K.L.:
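The structure is given below, and queries will be raised subsequently.
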Amino acid sequence: GGAVGGQTREHVQLARSLGVERVIVAVSKMDTCEYAQQRFEEIREALEPFLKQAGFRAEGAVTGGNLVLPGAPPPPALSAWWTGPTLAGAIDELPAVDRGAPRPLRLPVADVIPGSRTLGAAAVGGKMEAGMIRKGQKVLVMPAGVVATVRAVEASGGCGAGGTGSTPSPRACFFAGDAVDVGLDGVDPASLGAGAVLCHPDFPVIPAVRIQAKIVTLEAVRVPLLVGSTVVLHAYSLAVEARVSALTHTLDPRTGDVVKTRPRCLTRNMSAVVELTPSRPMCVERYADFRALGRLALRMGGKTVALGVVTQVWSTQEPQAH
């Protein structure tokens, strides 16, 4: 998995593109080599350079661990050389996420929930990226453009405001970072689907018909990206077929300076600015304005060929001026 083209490398790159800032590398099956430190160091030396290249900073305290609880002794062969935390301890040591200044409601829909007794016929699940949500609140469903009323909201897999689960939650509101299931009134279930976004009616997401993005192509590129190439554009839970409508310029990966304007093609390990035209309007925002909705990945032939961030969007009305 750690070799060129391996799934581990692809998953690390995708995690970084989705905004994951810290990873814990847990080395499994160490018992098959009797917890040999030499084997552990071989794995660390193979993975650390790639992790740094992907944008993660190596920290010795969380580069490995074991699954035993803090109160249980590790196997003697492991404790002879391993002085770091257990896996559970490493997770507990991770700092809290800084979500920045408060922003208007953004709840990208990850799942459509079948008819629920507490949530009703129109229900969705997802992670709160910004703002707050509570029972009785008005929300705007985009890109459908329909205003709905929150019938009930529950913590995913649990119970919350408006619910009647076996372990009622005292919380009346949910905030950024919470995974929630939301029941809606006043909206056709057909208007809901993965890729829809619940937002504040006064601060809506404007569906984009064309996107400018700063991307980095990956080792998986086998066929050069050309103007007219068809890719699958992934953003949060949304996957839409898109066309590369322009190759604006290539960039120096170290400085970000423009290297060449209007290149003919993009090959592996290149940094560039491109324009993409999705097959249907999609809810994305500039990364500078809203990180959670400004990250994307491009896939071709079942492989992730590029990762990037949205730098400009054009709506159905007019281009954004910045």
Side-chain angles (χ1 to χ4, degrees), residues 4-5 9-19 53-55 108 142-143 194-195 197 205-322:
V4 175
R9 296 170 73 93
E10 181 177 359
H11 288 173
V12 167
Q13 291 166 329
L14 286 173
R16 192 72 180 111
S17 74
L18 292 172
Q53 182 184 4
M142 295 298 285
V197 177
V205 178
I206 305 300
V209 297
R210 190 157 56 97
I211 300 165
Q212 183 186 78
K214 181 180 178 181
I215 65 169
V216 176
T217 58
L218 305 181
E219 298 164 343
V221 174
R222 294 293 179 264
V223 178
L225 285 173
L226 308 168
V227 173
S229 294
T230 299
V231 297
V232 179
L233 194 164
H234 290 257
Y236 51 99
S237 60
L238 179 62
V240 174
E241 189 174 279
R243 179 174 60 87
V244 179
S245 48
L247 301 178
T248 306
H249 44 250
T250 55
L251 306 172
D252 185 313
R254 295 183 300 276
T255 65
D257 295 336
V258 174
V259 175
K260 185 176 182 179
T261 301
R262 301 291 178 184
R264 293 183 59 186
C265 65
L266 298 179
T267 55
R268 68 184 66 175
N269 299 324
M270 295 182 70
S271 180
V273 174
V274 303
E275 290 184 13
L276 304 163
T277 302
S279 58
R280 56 186 171 89
M282 59 185 300
C283 295
V284 293
E285 300 191 61
R286 296 196 323 149
Y287 182 79
D289 298 332
F290 210 103
R291 292 188 175 188
L293 297 180
R295 303 182 182 98
L296 55 81
L298 306 181
R299 291 175 63 86
M300 294 178 67
K303 296 286 187 179
T304 302
V305 296
L307 303 172
V309 296
V310 176
T311 55
Q312 187 89 335
V313 297
W314 289 273
S315 69
T316 53
Q317 289 81 30
E318 58 183 0
Q320 286 188 356
H322 292 284

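Every value quoted in this text rests on a predicted model; they were computed, and no experiment measured them.
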K.L.:
For the residue pair Ile206 and Val313, establish whether any side-chain heavy-atom pair is separated by less than 4.5 Å.
P.N.:
no
K.L.:
State, with a plain yes or no, whether a side-chain heavy atom of Leu276 is found less than 4.5 Å away from one of Val244.
P.N.:
yes
K.L.:
What closest approach, in Å, do Leu225 and Leu247 show between heavy atoms, and which atom pair accounts for it?
P.N.:
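Looking at all heavy atoms of both residues, the shortest contact is O-CD1, 3.8 Å.
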K.L.:
Considering all heavy atoms of both residues, which atom of Val197 and which atom of Tyr236 are nearest to each other, and what is their separation?
P.N.:
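Residues Val197 and Tyr236, closest heavy atoms: CG2-OH, 3.6 Å.
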K.L.:
Find out whether Leu298 and Leu233 are in side-chain contact, i.e. whether some heavy atom of one side chain is under 4.5 Å from a heavy atom of the other.
P.N.:
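Answer yes - side chains close enough.
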K.L.:
Give the minimum heavy-atom separation between Val240 and Pro278, together with the two atoms involved.
P.N.:
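Heavy atoms only, the tightest pair is CG1-CB, 4.0 Å.
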K.L.:
Do Arg268 and Arg222 have side chains that get closer than 4.5 Å, going by heavy atoms?
P.N.:
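Of all side-chain heavy-atom pairs linking Arg222 with Arg268, at least one is under 4.5 Å.
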K.L.:
What is the minimum heavy-atom distance between Thr311 and Arg286, and which atoms define it?
P.N.:
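Heavy-atom minimum between the residues: O-CD, 3.3 Å.
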K.L.:
Where the side chain of Thr250 meets the backbone of Val259, is there a donor-acceptor pair that is under 3.5 Å apart?
P.N.:
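It does not hold such a pair.
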K.L.:
Taking all non-hydrogen atoms of both residues, which atom of Pro108 and which atom of Leu293 are closest, and how far apart?
P.N.:
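Taking every non-hydrogen atom into account, CG-CD2, 3.7 Å.
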K.L.:
Between Arg299 and Thr304, is any side-chain donor less than 3.5 angstrom from a side-chain acceptor?
P.N.:
yes
K.L.:
Would you check if Val273 and Gln212 make a side-chain contact, meaning some heavy-atom pair closer than 4.5 Å?
P.N.:
yes
K.L.:
With side chains defined as the heavy atoms from C-beta onward, is the minimum distance between His249 and Arg262 less than 4.5 Å?
P.N.:
no
K.L.:
Any side-chain heavy-atom pair from Val232 and His234 closer than 4.5 angstrom?
P.N.:
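Val232 vs His234: side chains touch.
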K.L.:
Go through it in stages, so that I can follow the logic: the residues are Glu219 and Asn269, the test is side chain to side chain contact (heavy atoms under 4.5 Å, CB included), and I'd like the CA-CA distance, side-chain angles, deciding distance and then a yes or no.
P.N.:
CA-CA 6 Å; Glu219 298 164 343; Asn269 299 324; 3.8 Å; yes
K.L.:
What is the minimum heavy-atom distance between Glu285 and Val310, and which atoms define it?
P.N.:
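The pair with the smallest heavy-atom distance is O-CB, 3.5 Å.
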K.L.:
Donor-acceptor check, side chain of Tyr287 to backbone of Arg295, threshold 3.5 angstrom: yes or no?
P.N.:
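No; zero donor-acceptor contacts below 3.5 Å.
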K.L.:
State, yes or no, whether a side-chain contact exists between Cys283 and Leu238 at a heavy-atom distance under 4.5 Å.
P.N.:
no
K.L.:
For Leu307, which of Thr217, Leu218, Ile215 qualifies under side-chain contact (heavy atoms from CB on, under 4.5 Å)?
P.N.:
Leu218
